[in-house]
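Heads up, the thing below is written out as structure tokens.
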Protein chains: 2
Amino acid sequence: MSAERAEALSKQFKAIADPNRLRLVSLISSSAENEACVCDLTEPLDLGQPTVSHHLKILVDAGILHREKRGVWAYFSIVPGALDVLAGVLTEPK
Amino acid sequence: MSAERAEALSKQFKAIADPNRLRLVSLISSSAENEACVCDLTEPLDLGQPTVSHHLKILVDAGILHREKRGVWAYFSIVPGALDVLAGVLTEPK
DNA sequence: GAGCTATATCGACGGTTGTCAATGTATGGG
DNA sequence: CCCATACATTGACAACCGTCGATATAGCTC
């Protein structure tokens, strides 16, 4: 694996290598419409609103979450296939 | 996903969420006998020997690598199935 | 417009991380 | 025993990270 590819992949792995961000991804992907807004995510994680926004931004910047603003709310959803790419790296044939 | 499970999983994801450690795992799993010693890994990563030992220890502590000392050399190999567990979390993040 | 609400951003704080130089520990050869 | 080799450990350092409180921005309602 090249140093450049390792650097790029590590950015995405770092994004999900946090317990709260793992739970955010889990909460969003298991929600009704496969999306959630910040106000839905603050309470189950027991974190402040700025902290949740911060974590969501990291996941969006890493290309794992998609952010869509509708009215006052910001809805976050999993980018299709994003997690599959990372899973593929871990199951890669030697 | 419970906070406890997220915490445990994040420890393993943190272990591979580093470019040099990703390359270590890649180098080991693609080597001839699926194992490598520290002296084989120092040069391709362009890192000092203490730094490589440090990264390998993190991967061993996370349960991703197995360490076996034979004579003066320490051989590291991938723990069977360890990466598949992480890949499974990403493909079905309930 | 004023006021409220949802979200983002900023600044600061303690804690963690990656790296290196120096040193320690074990193993094998002579 | 002496010494070289392979690896681990320690201590230090700057950089980064997660969290919070305060504040800013944007959209809705009246």
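What you see below is based on every heavy atom in this structure, not just the backbone, and it leaves out hydrogens, waters and symmetry mates. Chain letters run A, B, ... following the sequence lines, proteins first, then strands; residues in each count from 1. All of these numbers come straight from a predicted model, not from anything done at the bench.
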**Item:** Steps toward side-chain contact (heavy atoms from CB on, under 4.5 Å) verdict (L47(B), H55(B))
**Value:** CA-CA 11 Å; L47(B) 287 178; H55(B) 285 312; 4.2 Å; yes
**Message:** Reading DNA chain C in the 5' to 3' direction, which nucleotide is the first one with an atom under 4.0 Å from a heavy atom of chain A, and which is the last?
**Reply:** dA6(C) to dT9(C)
**Message:** Using a 3.5 Å distance criterion without hydrogens, assess whether the side chain of S53(B) forms a donor-acceptor pair with backbone atoms of P50(B).
**Reply:** no
**Asked** Side chain of S26(A), backbone of L22(A): donor and acceptor closer than 3.5 Å?
**Response** no
Hydrophobic clusters here meaning ILVMFWY residues chained together by side-chain heavy-atom distances under 4.5 Å, can you tell me if [X] and [Y] are in one?
X: I58(B); Y: L83(B); result: no
X: F76(A); Y: M1(B); result: yes
X: F13(A); Y: V60(A); result: yes
X: L27(B); Y: I78(B); result: yes
X: I16(A); Y: L45(A); result: yes

**Asked** Just checking Y75(B): base, sugar-phosphate only, or nothing, at a heavy-atom cut-off of under 4.0 Å?
**Response** nothing
Sort me out a list of protein N/O and nucleotides 16-18 of chain D N/O pairs below 3.5 Å, or just none if empty.
{"from": "dG18(D)", "atom 1": "OP1", "to": "D18(A)", "atom 2": "OD1", "distance (Å)": "3.4"}
{"from": "dG18(D)", "atom 1": "OP1", "to": "R21(A)", "atom 2": "NH1", "distance (Å)": "3.2"}
{"from": "dG18(D)", "atom 1": "OP1", "to": "R21(A)", "atom 2": "NH2", "distance (Å)": "2.8"}
{"from": "dG18(D)", "atom 1": "OP2", "to": "R21(A)", "atom 2": "NH1", "distance (Å)": "3.3"}

**Message:** T51(B) vs T42(B), test: side-chain contact (heavy atoms from CB on, under 4.5 Å). Steps then yes/no.
**Reply:** CA-CA 9 Å; T51(B) 303; T42(B) 309; over 6 Å; no
**Asked** How does protein reach along nucleotides 23-30 of chain D, written 5' to 3' as B (base within reach of a heavy atom under 4.0 Å), S (only sugar-phosphate), or - (no contact)?
**Response** ----SS--
**Asked** Does atom NZ of K11(A) have more than 12 heavy-atom neighbours, drawn from other residues, nucleotides or ligands, at distances under 6.0 Å?
**Response** no
**Prompt:** Whole Å only: how far is the CD atom of E68(B) from the P atom of dA6(D)?
**Reply:** 18 Å
**Asked** Restricting to pairs with a member in residues 52-63 of chain A, which pass salt bridge (Lys or Arg N to Asp or Glu O under 4.0 Å), not counting sequence neighbours?
**Response** K57(A)-D61(A)
**Message:** Listing request: all salt bridge (Lys or Arg N to Asp or Glu O under 4.0 Å) pairs with a residue in residues 18-44 of chain A, at least two apart in sequence or in separate chains.
**Reply:** E35(A)-R70(A)
**Prompt:** Using a heavy-atom distance cut-off of less than 4.0 Å, which residues of residues 36-45 of chain B contact DNA chain D?
**Reply:** C37(B), V38(B), C39(B)
**Request:** Begin from the C-alpha positions of V52(A) and L56(A) and carry the test side-chain contact (heavy atoms from CB on, under 4.5 Å) through to its verdict.
**Result:** CA-CA 6 Å; V52(A) 173; L56(A) 289 171; 3.9 Å; yes
